[in-house]
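So the structure is just underneath, and the comments pick up after that.
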Protein chains: 2
Amino acid sequence: MDSDKSHIDETTPRTHPRARRRTRQRSVIQRVLLEANRPLTPQDILLAAQARAPGLGIATVYRTIHTMMTEGTLVAVGIPGEAARYETAGKEHHHHFQCRECDGVFDIQGCPTDDLVKLAPKGFRLESHQVVLYGVCPPCTGMPA
Amino acid sequence: MDSDKSHIDETTPRTHPRARRRTRQRSVIQRVLLEANRPLTPQDILLAAQARAPGLGIATVYRTIHTMMTEGTLVAVGIPGEAARYETAGKEHHHHFQCRECDGVFDIQGCPTDDLVKLAPKGFRLESHQVVLYGVCPPCTGMPA
DNA sequence: GTTTGTGCAAATGTTTTGCACAGGC
DNA sequence: GCCTGTGCAAAACATTTGCACAAAC
């Protein structure tokens, strides 16, 4: 659906059927994650990445996720009972809102860090935290987005 | 590849090969959930329930989880990248702490509700929320529990 | 040359579903 | 009798891993 060279530098020399696109798929995945302004599931990432690099496999998505999480450049966002979603860690510290109507996840600003720190019981070393708000997003309440 | 009766003594009245334990397994599962004072994974629930009702199947665990979530008597606790954990909803409102060393999840008391309410952007209808703190638990820091 | 990243497919793990049947009504 | 809950097994879906080989160095 897109001629590779159109927007992917990827310097693809296009030699054999399957001899190409051997350049860092990771960069493709990173771009997808950077451009999304909300957490994505592995499947979301796969689909978006395949649009840019056809043939990219799900294994590469998972491997890249793990690599980036280890590096600390990606964070997992937990949504109860659902597949994990991931987003780049570079962003300003923030939290999420999930709409129970459309299941969409939105970034929200602000964080009562000081209040959360007080929650950690004695003896527990607090390193990070996550807040998820649930409710209904503007479109789903009938309001304009 | 095992003769059923060979090792399932388990107080099995042993009438027919599989004519027994036909009573509400759900009550067994509910008891397990009530007695646990922390969120459990479906596998945790299965093991604990099987100790009380041998032969109870994983499908029953999942079906009961769904039923109870629909009723609102069970809530899912989201831990990024891991299997969902569940706990009874009746408890006092609280949140969780997960140790990154042992992966254990602990209940913690207190909740800065008022501060969290302020986080919801205009137009978003806030219905509930969840806070997860991450760090290291006392045993894993070398301190006595 | 060696090392690394990748696609593919198989393996593993998790959750859901179809079905037959026991128990409660 | 009918309805519901259940065990079992298979299916569906999610995630990880082994392997061969191309690309990068």
Side-chain angles (χ1 to χ4, degrees), chain A residues 4 8-32 39-47 49-50 52-71 74 76 78-86, chain B residues 1-5 8 10 12-32 39-47 49-50 52-71 74 76-86 103:
Chain A
D4 298 64
I8 324 195
D9 38 304
E10 319 305 335
T11 64
T12 310
R14 188 71 47 70
T15 46
H16 296 316
R18 187 203 153 182
R20 59 194 189 69
R21 144 234 321 133
R22 286 272 128 210
T23 33
R24 295 276 174 301
Q25 295 294 47
R26 171 170 170 166
S27 64
V28 176
I29 293 172
Q30 284 180 313
R31 201 169 324 149
V32 165
L40 300 177
T41 64
Q43 299 299 328
D44 291 335
I45 298 170
L46 177 66
L47 291 176
Q50 284 184 331
R52 292 172 170 74
L56 186 151
I58 186 68
T60 298
V61 172
Y62 280 106
R63 280 186 285 232
T64 302
I65 287 172
H66 287 153
T67 302
M68 293 180 69
M69 297 235 321
T70 302
E71 293 172 353
L74 194 71
I79 302 293
E82 296 189 14
R85 298 176 195 229
Y86 303 87
Chain B
M1 52 16 181
D2 55 6
S3 48
D4 301 63
K5 44 201 182 140
I8 358 178
E10 323 307 349
T12 309
R14 192 71 49 72
T15 44
H16 293 318
R18 82 172 259 230
R20 59 196 186 68
R21 142 235 323 133
R22 288 271 127 211
T23 33
R24 293 277 172 301
Q25 296 294 49
R26 170 170 172 167
S27 64
V28 175
I29 292 171
Q30 284 181 312
R31 200 172 325 150
V32 166
L40 300 177
T41 64
Q43 298 300 328
D44 291 336
I45 298 170
L46 177 66
L47 290 175
Q50 284 183 332
R52 293 173 169 74
L56 185 150
I58 186 67
T60 298
V61 171
Y62 280 104
R63 281 187 284 232
T64 302
I65 287 172
H66 288 154
T67 302
M68 294 180 70
M69 296 235 319
T70 302
E71 293 172 352
L74 193 71
V77 178
I79 302 294
E82 295 189 15
R85 299 177 194 227
Y86 303 88
D103 283 345

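Below, chains carry the letters A, B, ... as their sequence lines are ordered, and counting in each starts from 1. Reckoned from all heavy atoms, side chains included, excluding hydrogens, waters and symmetry mates. All values reported here derive from a predicted model rather than from experimental measurement.
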[X] [atom1] to [N] [atom2]: how many Å, rounded?
X       : N      : atom1 : atom2 : result
B/Leu46 : D/dT6  : CG    : P     : 14 Å
B/Gln25 : D/dT6  : CD    : P     : 6 Å
A/Ile45 : C/dT6  : CD1   : C1'   : 17 Å
B/Leu56 : D/dC8  : CG    : P     : 9 Å
A/Met69 : D/dT16 : CE    : C1'   : 14 Å
B/Ile65 : D/dT6  : CD1   : P     : 13 Å

Handout entry: Residue pair A/Gln30 / A/Arg24, side-chain heavy-atom distance below 4.5 Å
Key = no
Handout entry: Donor-acceptor pair present, B/Arg24 side chain and C/dG23 base, under 3.5 Å
Key = no
Identify the two heavy atoms, one from [X] and one from [Y], that lie closest to each other, and give their separation to 0.1 Å.
X       : Y       : answer
A/Ala84 : A/Pro42 : O-CD, 3.4 Å
B/Val61 : B/Leu56 : CG2-CD2, 3.8 Å
B/Gln25 : B/Ala53 : OE1-CB, 3.7 Å
A/Ala49 : A/Ile29 : CB-CG1, 4.3 Å

Measure all distances between protein nitrogen or oxygen atoms and nitrogen or oxygen atoms of nucleotides 13-15 of chain D, and list the pairs falling under 3.5 Å.
{"unit_1": "D/dT15", "atom_1": "OP2", "unit_2": "A/Tyr62", "atom_2": "OH", "d": "2.2"}
{"unit_1": "D/dT15", "atom_1": "O5'", "unit_2": "A/Tyr62", "atom_2": "OH", "d": "3.1"}

Exercise for the section: Look at the side chain of A/Thr60 and decide which nucleotide, out of C/dT6, C/dC8, D/dG7, has an atom nearest to it. Expected result: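 Comparing C/dT6, C/dC8, D/dG7 against the side chain of A/Thr60, the answer is C/dT6.
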Handout entry: Working for side chain to side chain contact (heavy atoms under 4.5 Å, CB included), residues A/Ile45 and A/Thr64
Key = CA-CA 11 Å; A/Ile45 298 170; A/Thr64 302; over 6 Å; no
